[in-house]
Amino acid sequence: NAGVTQTPKFQVLKTGQSMTLQCAQDMNHEYMSWYRQDPGMGLRLIHYSVGAGITDQGEVPNGYNVSRSTTEDFPLRLLSAAPSQTSVYFCASKGQGKNIQYFGAGTRLSVL
Amino acid sequence: DAKTTQPTSMDCAEGRAANLPCNHSTISGNEYVYWYRQIHSQGPQYIIHGLKNNETNEMASLIITEDRKSSTLILPHATLRDTAVYYCIVRVEGTTDSWGKLQFGAGTQVVVTP
């Protein structure tokens with residue numbers, strides 16, 4: 001049981017480039033979310049999804065797009081990367097009921 | 001969701017109990033108290049949660065005051081691997097709005113020393 005898997009672990013982009021951060025979970029969880037964490041700060045919610053075909057914005061959605069075509073996958077897209085998007089990105093999932101969320105190991109992104 | 005207040009940092013000797021306080025004086029009746037931790041460079045990890053009764057699991061104990069305005073996470077025998085940032089989060093349950101939007105604050109940096 002892999003849990004929540006994020007790829008890649010590390011990525012360096014140039015300003016203006018696009019990329020997709022992948023997130024997959026094998027626990028059949030309905031809820032998935034993306035957070036970013038900047039140095040010395042807590043996690044901030046970017047986007048979340050309560051099920052396949054349903055997404056919504058979190059606290060800091062600008063510059064990011066998401067889609068949820070399957071229960072298992074929740075990719076995060078950066079259409080035109082900016083240095084301000086340099087951060088560590090975490091994906092999380094949870095099932096119905098209590099707020100016990102399972103987090104991936106993170107993707108460390110640098111935008112030059 | 002109710003706001004939480006935690007100390008910025010605390011130290012604990014290995015093998016001793018670590019008591020982490022959290023103030024949530026504006027908590028409402030249907031809000032649960034959750035604790036997560038984040039070991040350096042890893043994703044957050046769920047520890048424990050409770051509504052009004054004290055709770056215990058294999059990782060920790062959670063003590064919630066009778067008026068529910070504060071709580072304490074207890075790591076009974078701290079080890080070096082417990083060095084992490086600990087987050088106290090208050091969340092309502094049972095509504096569509098409660099679908100997992102955890103509000104992380106700055107947390108408490110706990111350093112366990114030999």
Side-chain angles (χ1 to χ4, degrees), chain A residues 2-7 9-10 21 23-25 27 29-52 54-61 68 74 87-109, chain B residues 1-9 22 24 27 30-53 55 57-60 62 84-111:
Chain A
V4 179
T5 303
Q6 291 184 237
T7 56
K9 292 190 183 336
F10 302 93
L21 279 65
C23 177
Q25 52 92 7
M27 297 173 281
H29 284 168
E30 293 189 18
Y31 179 91
M32 296 185 73
S33 57
W34 277 101
Y35 294 85
R36 63 175 286 174
Q37 185 172 35
D38 300 315
M41 297 182 65
L43 282 77
R44 292 185 292 170
L45 183 66
I46 305 172
H47 284 287
Y48 66 99
S49 168
V50 299
I54 306 170
T55 64
D56 206 347
Q57 297 181 351
E59 180 184 357
V60 288
R68 185 91 179 274
F74 191 44
S87 190
V88 181
Y89 292 84
F90 291 101
C91 178
S93 75
K94 82 172 203 68
Q96 292 197 27
K98 298 299 184 286
N99 246 313
I100 300 174
Q101 298 204 21
Y102 298 85
F103 285 80
T107 294
R108 284 150 185 79
L109 176 67
Chain B
D1 297 326
K3 181 180 177 180
T4 62
T5 303
Q6 300 178 249
T8 302
S9 64
C22 179
H24 33 78
I27 193 170
N30 62 345
E31 288 181 312
Y32 285 71
V33 179
Y34 283 82
W35 284 84
Y36 281 76
R37 74 179 182 183
Q38 186 175 23
I39 296 171
H40 182 61
S41 298
Q42 298 182 20
Q45 176 190 24
Y46 165 81
I47 301 173
I48 198 168
H49 74 281
L51 181 62
K52 52 185 177 181
N53 297 321
E55 303 287 344
N57 63 19
E58 64 278 5
M59 292 183 67
L62 175 61
V85 177
Y86 287 77
Y87 297 98
C88 171
I89 300 168
V90 176
R91 281 290 304 164
V92 68
E93 300 295 337
T95 69
T96 56
D97 186 56
S98 72
W99 274 92
K101 289 185 286 183
L102 295 176
Q103 189 71 31
F104 286 85
T108 297
Q109 173 67 63
V110 173
V111 177

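Note on naming: letters A, B, ... go to the chains in the order of the sequence lines (proteins, then strands), and numbering restarts at 1 for each one.
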- [ ] Please name the pair of heavy atoms, one in B:Ile47 and one in B:Ala60, separated by the smallest distance, quoted to 0.1 Å.
- [x] CG2-CB, 3.8 Å
- [ ] Heavy-atom distances under 4.5 Å only: say whether A:Arg108 touches chain B with side chain, backbone, both or neither.
- [x] side chain
Task: Any donor-acceptor N or O pair under 3.5 Å, side chains B:Arg91, B:Tyr32 - done: no
Task: For chain B, the option from A:Leu43, A:Val4, A:Val88 that forms the most heavy-atom pairs under 4.5 Å - done: A:Leu43
Open item on the list: Parallel, tilted or perpendicular: which one describes the rings of B:Tyr34 and B:His49, with boundaries at 30° and 60°?
Closed with: parallel
Open item on the list: Using heavy-atom distances under 4.5 Å, tell me whether A:Gln37 contacts chain B through its side chain, its backbone, both, or neither.
Closed with: side chain
Task: Note, B:Tyr46 side chain near A:Lys94 side chain (heavy atom, < 4.5 Å) - done: no
Open item on the list: Does any backbone or side-chain atom of B:Gln109 lie under 4.5 Å from a heavy atom of chain A? Answer side chain, backbone, both or neither.
Closed with: neither
- [ ] Mind ranking B:Pro44, B:Ala106, B:Gly43, B:Ser41 by heavy-atom pairs under 4.5 Å with chain A and telling me who comes out on top?
- [x] B:Pro44
Task: Test log, rule side-chain contact (heavy atoms from CB on, under 4.5 Å), inputs A:Phe74 and A:Thr55 - done: CA-CA 10 Å; A:Phe74 191 44; A:Thr55 64; 3.9 Å; yes
